[in-house]
Every structure is written in structure tokens, then in C-alpha cells.
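Here the structure is laid out as C-alpha cells; the discussion comes afterwards.
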Amino acid sequence: MESTPALDPDLLEKVTNLAKRRGFIFQSAEIYGGFRSTYDYGPLGVNMLRNVKQAWWRSMVQLRDDIVGIDAAILGPPAVWAASGHLETFTDPLVDCRRCKERWREDKIDGVCPNCGSTEFTEPRAFNLMFKTQAGPVEGEGATAYLRPETAQGMFTNFANVLSTIRKKPPFGIAQIGKSFRNEITPQNFVFRTREFEQMEMEYFVPPAEAEQWYQYWVQVRHDWYLDLGIPREMLRLHEHAAADLSHYSKGTTDIEFAYPWGWDELEGIANRGDYDLTQHSNASGTRLEYFDQTANVRYTPYVIEPAAGATRAMMAFLLAAYHEDEVDGETRTLLRLDWRLAPYQVAILPLSKKPELEGVSREVLAKLQPFFMCDYDVTQSIGRRYRRQDEVGTPFCVTVDFGTLEDRAVTVRDRDTTEQTRVKIDDLLAELLDRANVT
Ligand code: ATP
């Protein structure tokens, strides 16, 4: 078994503080004392979260010809959740501590109350995690509806719609990014486990005989996606579930785990769901959810391979992996070594002084870069302070405009990781930055 990489014991607190201080993630409704387990994404956080989702969409949909996207409703009727099995089995074992009365998820506490240390609990009860609500204007008389606890069912219920509107045949996939809701018993660890979160899921429909091979393929592809975006190899591991631990529908599940400050824990799950979902929805809805292979003249229910990731959880992992402290000119600096594709700002344009002479050319540089990069424009405080501020939020490149620029039409490009500075002509700047960012 891999050892957990040595991590700073204060890392979670440092990243949580930085996230708040620099506008990544705020406690929701904070001016009213906060609302437990909900978070708002601030000006930098929203950029980064969008980048995480964009990187996923790009690799799963844009760069492939076998996967299409959808965006399905969050509210759904009970029939969907009855067929999927969620009404019956989407539960966690809830126990009450007999001493302090706190409630816990039994499988997460090793028999000891994290609040008071007691080992006396009530018998576990199955607690359904779905949020139930009413749709319709008359309280108490509307139709029951549920907030989706996963995005996946939207892909199954639209299987026939998608198949009849696009020319795909298995193996092909349907992808979706969106909010999901679970009434978690013990939300915890910042945005790792929250009651409202965002998922990035893809259902890949395959001929049954190819399911095992595609399952292995997706475990590899999804693992490599995190590596490509800068998570060090030693902070990831694969955990294949033992047969006895599999969900009732699963023929195989592998978690991609990340070395969080509290230890190895799930980042994403890849499951071979067999034909469970399409069969359930076929039976319950009366609509045949099958594929007719004309060349072989056979009709079959495809198997499904599902890589299910959390966008908000992934963003947290990227932040934790990127957080570094090093020393520059005898001073400790904090930096986020984020891949440029994930950084909230990719370029910061920093006029050396607030003097009006520099503003025109600085804004010219800004306008040149904005269509290609998310840019920040900052004229406050000393240049050294501004570099530190950009390092702390992971901006890969700073472009400084100084009085020399007015003579030579060149600017200084500073690299976040090496702090190296290079003089570049304004006319060559875009090409230089695209090249450094390795935009392909
Ligand atoms: P757990 O066992 O930790 O409750 P799970 O195995 O039920 O999670 P899945 O249903 O496989 O999780 O969900 C797929 C992905 O969605 C997870 O790997 C995670 O990234 C994300 N996710 C699930 N629940 C939450 C949550 N409450 N908050 C944030 N992300 C979540």
C-alpha cells in the first residue's frame, strides 16, 4: 500500500483561510451567521471552478467524437428515483450519540463520538439523503419532487432522446456537469463533503462484452486527467472495491483517491454499472431503452461505465496540491502552483506606477491579452507586494509595464514558479505567453 505523502498538518486550515481571504470560497449567508455546509464561490473561486469544469468538458466532450453533453433538470418526479433505486437505498446509517445527542454517519466514526468520545450509540437507522420538496403553488397539495442527488439519472432518462437525435452507436457516452444535492449527515472538511455540490459525470454505453475493457480504460483516462492538470502522481492512488463492498448495481468500482490532509479519501469513482440503470428505467417507464445494431441485427441493453467526479471536490484537491511555501529573497512566500488552465487569473498586467503616462499602454496590453487569457489589472501597492499577491492566487504570468516601455515598446514577463523575468516586445507578447502556457 502506498504511504501517504508527508503533508503540512495545518494545510487544510491554510488553504481554507487563503480561499476566504483572497475571494475563492466564502461561507454562504455569512452576514446571517452562515448556513452550515453551503459555500459561495467568490470572484477568484468562480473562475477556478469554471476552469475545472471547462478542463473536464474539453477532455470528455470537445476532444472526442464519441461523447455528447446534456444539461438536465435538477427537480425530478418520484418515479425516476423509485426506478433508480434511490428512494429505497440511497441511505446512510444514522446513529445518535447517547451522551451528547450529536448525530453521526455510523460508517465514518469508528465507534467513537467525534464530539464527546462516547462509544454509546443508538441502533443505526437508514437515513435517506435526498432533499424532498413540493412543486406547485398550494402548500401541502403540490406534487412531490426531489432535488437530484446525482446528475447520472438525467443521462439514463434521456438515453432514447439522445440516441434518436444524434448518430452514435455504442460505445458512446453522455456527459453532464451540474449541481447535485445530498442531505449529508455530517458534511465536513470544507468543500469536500457539502449538501449542495457540483458533479461532472459521464455515462458510457458499451456492448456488454466490451464492458470490462472500457471500465479499465476509463479508470486510466480519468487518473491521467488529474496528473495532466498538475496533481503529483504520489498524491493519487487507485482503490478497487472488493466484491463484497460493491453497490447492488455495480459489477466493479474503482475510486481515484487523493492524499487529503486527513488521509486518503475519494476524489472520483469509476463504476461498471452493467445494464442496471437502463433496465430499471425501461421496466418502470415502459419505454424500451435499448440499442438496435442493424449490421448484426441484434437488439441489446448496453452496459454503462460511469466516471463520476465532483467539480467542487476536485477544485479543493487542486488547491491543496498547488499550495506551497518557499523562500524568495530571504522572505517566505505563499504560492499556488496551479496549472495555467486552472488558475483564476492567467495573466496579471501590472503598471509599475499609477502615473497616467503608463495607463494608455498598460490598457493596450490588457486589451490584447483579454480575448485569450483571464487577466487581472492591478495598480495598487508596490510591485513586490503585487507579485506576492499574484503568486498567492496562482497567477502564472505577471506582465509589468514600466517607463522603459514607453521607449522600447517592451514589457517584463515574470514567471510565478521561478520568479524569472524576461523582457518581451509588446508585439511578441501574445505569442510568447501562448507558447509558455503551452496552449494547444
Ligand atoms: P461518499 O461515499 O464519500 O459519500 P459517494 O461514493 O456516494 O461518496 P458518488 O455517489 O460516487 O460518491 O459521487 C461521485 C463524486 O461526486 C464523488 O467522487 C465526489 O467527488 C462527488 N461528491 C459526492 N458527494 C459529495 C458531497 N457531499 N460533496 C461534494 N462532492 C461530493
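The analysis underlying the following values was restricted to heavy atoms, covering all of them including side chains, and did not include hydrogens, waters or symmetry mates. We count ligands from 1, going down the list as the structure has it; atoms in each ligand are counted the same way. Residues: numbered from 1 along the sequence shown.
- Looking at E266, Q188, E306, it is E266 that brings a heavy atom closest to atom 17 (C) of ligand 1.
- Remark: minimum distance from atom 21 (C) of ligand 1 to any protein heavy atom is reached at G310 CA, 3.7 Å.
- No option in R22, K14, R386 other than R22 meets the salt bridge (Lys or Arg N to Asp or Glu O under 4.0 Å) test with E392.
- With a 4.0 Å heavy-atom cut-off, ligand 1 is reached by the backbone of L267 but not by any atom from C-beta on.
- We find that E196 and K179 are joined by a salt bridge, their nearest charged nitrogen and carboxylate oxygen being less than 4.0 Å apart.
- Between E266 atom CD and F192 atom CZ the span is 7.0 Å, to the nearest 0.5 Å.
- In terms of protein heavy-atom proximity, atom 13 (O) of ligand 1 is nearest to Q199 NE2, 3.4 Å.
- Counting non-hydrogen atoms of neighbouring residues, nucleotides and ligands closer than 6.0 angstrom, the CD atom of E123 reaches no more than 12 such neighbours.
- Residues T295 and D293 bring a donor and an acceptor atom of their side chains to less than 3.5 Å of each other.
- Atom 31 (C) of ligand 1 has its nearest heavy-atom neighbour, among F90, F258, F197, in F197.
- Nearest to atom 15 (C) of ligand 1 among the protein's heavy atoms is A308 O, 3.6 Å.
- In this structure, atom 3 (O) of ligand 1 lies nearest to the protein heavy atom R193 NH2, 2.9 Å.
- With ligand atoms numbered from 1 in the order given, ligand 1 contributes 24 (N), 26 (C), 27 (N) to contacts under 4.0 Å with heavy atoms of E184.
- Under 4.0 Å is where a charged nitrogen must lie from a carboxylate oxygen, and between D228 and R341 at least one such pair does.
- Protein heavy atom at the shortest distance from atom 7 (O) of ligand 1 is R182 NH1, 3.1 Å.
- At the shortest separation from atom 29 (C) of ligand 1 among protein heavy atoms lies F192 O, 3.1 Å.
- At a heavy-atom cutoff of 4.0 Å, ligand 1 is contacted by the side chain of R105 but not by its backbone.
- At the top of the distance list for atom 28 (N) of ligand 1, counting protein heavy atoms only, stands T194 N, 3.0 Å.
- Environment of CZ in R299: crowded, with over 12 heavy atoms of neighbouring residues, nucleotides or ligands closer than 6.0 Å.
- Between I174 atom CD1 and E306 atom CD the span is 12.5 Å, to the nearest 0.5 Å.
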